[in-house]
Every structure is written in C-alpha cells, then in structure tokens.
Amino acid sequence: MQIFEAIKSDLYRYTRSSDIVTLCRQYLTNRGFNYMVWHRIAQSDNSVVCRIARLFLSLKMRKFGIQIPVETSIGLGFYIGHGGPCVVHHTATIGNNCNISQYVTIGATLGKSASIGDEVYIGPNVCIVEEVTIGSRSLIGAGAVVTRDIPAGSTAVGVPARPIDKARQHNFITNRWPSAM
C-alpha cells in the first residue's frame with residue numbers, strides 16, 4: 001500500500017476532499033487524522049523516515065491518547081471519531097473505510113486480536129476482546145463488549161454483544177474512499 005494513497009484516503013473519509021489545503025487544515029486541527037498521518041509514514045520502507053516517524057508517533061500517542069501500533073494492519077480510509085482516545089492491539093486487522101469512535105479498545109490477552117471487515121462502524125466505549133471476526137458493513141453499538149464473531153451486515157449491541165439486525169444492509173458510510181470499494 002502506498003503511504004500517500006493511504007493518507008489521501010484517510011483525509012477523504014474526514015472531509016470528502018483530498019487537496020493540499022484540506023490536508024494542512026486537518027493535520028493541524030484533527031487529532032485522529034494527525035495521528036494516522038504519522039502512523040502511515042511510520043510504515044515506510046525507508047529506515048530513516050520510518051525511525052523519525054516512529055518517534056513522532058510515540059509523541060502523538062502520549063499527547064492524544066491514541067495507541068495504535070505501527071504493526072496493526074489498517075486498510076484505506078480509516079476514521080478515528082472525535083480524535084480518540086483508543087487502544088488497538090498490534091495483531092488486530094482493520095479493513096477499508098472503517099470508523100472507530102472514542103474510548104474503543106480492541107485487545108487480546110494472548111495471541112491474535114480481532115479481524116474487522118470493511119465498512120464497519122464501532123461506536124464509543126466498545127471493547128472487542130480476543131480473536132473475533134466482525135463481518136463487513138456491521139455496526140457495533142455504544143458500550144458493547146464483543147466476545148463472539150459478528151456476522152456481516154449486522155448491528156450488534158449489549159454486554160456481551162449480540163446481533164439484533166441482519167436483515168438490512170447498512171449504508172452509514174457515504175464518503176468511502178473510491179479505490180477501496
């Protein structure tokens with residue numbers, strides 16, 4: 001994945017625009033986007049650029065309370081709602097055009113963490129625990145604790161989270177990154 005393509009896709013999810021003025025404005029005013037810029041740059045093949053970006057990323061991690069390790073696999077068009085804070089395990093896999101809200105935790109005690117499909121919305125204060133799979137185009141309601149797989153196209157709520165609606169396909173993402181569809 002090209003770094004600039006990924007940054008451009010993230011920017012598009014925030015603003016439906018990807019020009020340089022918008023990029024500068026969002027970088028200066030939006031904590032989630034700012035963090036993801038450094039996260040994407042830290043995945044560079046250039047060792048010098050990678051080391052510098054990882055240093056900046058660790059500073060941003062402390063400043064913003066967003067803890068998403070560089071090793072985490074994140075698709076195009078990633079959106080962090082309200083600028084975090086959130087914690088994501090390094091073995092998590094997140095698909096294209098996903099939203100996570102504030103105070104989300106995606107973790108594991110041992111082994112692999114969650115695998116999240118494309119176009120998934122994860123509401124505020126959600127905990128996703130252990131190696132679960134969340135299907136594409138799913139919604140995870142606020143405060144849910146996900147301990148089991150969630151089928152594609154479902155709305156899951158509660159503690160533990162259970163699907164309550166699988167009949168209709170959700171269309172909450174209107175500004176998805178075109179090349180990731």
Side-chain angles (χ1 to χ4, degrees), residues 1-43 53 56-57 60-61 63-90 92-107 113-128 133-144 146 150 152-156 169-181:
M1 174 182 358
Q2 298 292 339
I3 292 169
F4 295 110
E5 173 83 4
I7 292 170
K8 193 174 172 183
S9 70
D10 294 342
L11 177 63
Y12 188 84
R13 286 298 310 287
Y14 281 92
T15 65
R16 292 188 185 188
S17 177
S18 56
D19 60 87
I20 191 70
V21 173
T22 305
L23 183 134
C24 292
R25 183 179 299 126
Q26 288 298 308
Y27 179 81
L28 294 173
T29 61
N30 189 311
R31 297 183 310 172
F33 179 71
N34 184 303
Y35 184 88
M36 282 310 296
V37 165
W38 289 106
H39 187 276
R40 301 292 193 184
I41 294 170
Q43 295 175 333
F56 275 98
L57 192 62
K60 301 292 180 181
M61 200 178 288
K63 182 176 182 180
F64 300 148
I66 301 171
Q67 295 180 19
I68 304 174
V70 175
E71 299 80 20
T72 305
S73 174
I74 300 175
L76 298 174
F78 187 63
Y79 181 94
I80 302 173
H82 305 289
C86 58
V87 177
V88 178
H89 194 264
H90 71 277
T93 303
I94 301 173
N96 295 322
N97 296 313
C98 288
N99 291 29
I100 64 171
S101 299
Q102 65 276 17
Y103 300 105
V104 167
T105 301
I106 302 172
S113 186
S115 177
I116 299 169
D118 295 338
E119 299 181 19
V120 173
Y121 172 82
I122 301 172
N125 294 314
V126 169
C127 290
I128 301 173
T133 300
I134 298 175
S136 295
R137 300 185 62 79
S138 294
L139 294 147
I140 310 299
V146 180
I150 305 296
S154 297
T155 298
Q169 289 294 312
H170 303 289
N171 192 19
F172 70 93
I173 297 177
T174 56
N175 57 336
R176 61 177 70 94
W177 181 241
S179 65
M181 292 192 287

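Numbers here simply count residues along the sequence, with the first being 1. When reading the values below, keep in mind they use all heavy atoms of this one structure, side chains included, and skip hydrogens, waters and symmetry mates.
Side-chain contact between Ser136 and Glu119 is absent, with no heavy atoms from C-beta onward closer than 4.5 Å. Proximity of Gln67 to Val88: side-chain heavy atoms (C-beta onward) are nowhere separated by under 4.5 Å. When side chains are defined from C-beta on, Ile106 counts as touching Ile116, because their heavy atoms get closer than 4.5 Å. Using a 4.5 Å cut-off on side-chain heavy atoms (C-beta onward), Ile134 and Ile128 make contact. Counting heavy atoms from C-beta outward, Ile68 and Phe78 have side chains that approach closer than 4.5 Å. Counting heavy atoms from C-beta on, the side chains of Met36 and Ile66 never come closer than 4.5 Å. Proximity of Cys98 to Tyr79: side-chain heavy atoms (C-beta onward) are nowhere separated by under 4.5 Å.
A donor-acceptor distance shorter than 3.5 angstrom exists from the side chain of Ser9 to the backbone of Gly77, with no hydrogens or angles considered. A donor-acceptor pair is defined here as one N or O able to donate and one able to accept, closer than 3.5 Å; no such pair exists between the side chain of Ser154 and the backbone of Ala156.
Taking the ring pair (Phe, Tyr, Trp, His ring centres under 6.0 Å) definition, one finds that Phe33 meets it with Tyr14, sequence neighbours left out.
Ion pairing of Arg137 with Asp118 is absent here, as no side-chain N (NZ or NE/NH1/NH2) approaches a carboxylate O to less than 4.0 Å.
Looking at Val70, Thr72, Ile74 one by one, the single match for side-chain contact (heavy atoms from CB on, under 4.5 Å) with Gln43 turns out to be Val70.
Within the structure, no pair that satisfies the salt bridge (Lys or Arg N to Asp or Glu O under 4.0 Å) test touches residues 81-90, not counting sequence neighbours. Residue pairs that meet the side-chain hydrogen bond (donor to acceptor under 3.5 Å, both in side chains) test with at least one member in residues 24-35, sequence neighbours left out, are Gln26-Asn30, Tyr27-Trp38, Asn34-Lys60.
Atoms CD1 and CD1, from Ile140 and Ile122 in turn, are 6.5 Å apart once rounded to the nearest 0.5 Å. Between Thr155 atom OG1 and Leu139 atom CG the span is 4.5 Å, to the nearest 0.5 Å. Atom-to-atom distance recorded for Leu23:CG and Ile7:CD1 is 7.5 Å, nearest 0.5 angstrom. The OG atom of Ser138 lies 7.0 Å from the CD1 atom of Ile150; values are rounded to the nearest 0.5 Å.
Within 6.0 Å of CZ in Phe64 there are more than 12 heavy atoms belonging to other residues, nucleotides or ligands.
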Could you walk me through whether Thr22 and Leu11 satisfy the side-chain contact (heavy atoms from CB on, under 4.5 Å) test, starting with their C-alpha distance in whole Å, then the side-chain angles of each, then the deciding distance to 0.1 Å, before giving a yes or no? CA-CA 8 Å; Thr22 305; Leu11 177 63; 3.9 Å; yes

Given the rule in the side-chain contact (heavy atoms from CB on, under 4.5 Å) test, do Ile3 and Ile41 qualify, once you have shown the distances and angles that lead to the verdict? CA-CA 6 Å; Ile3 292 169; Ile41 294 170; 4.2 Å; yes

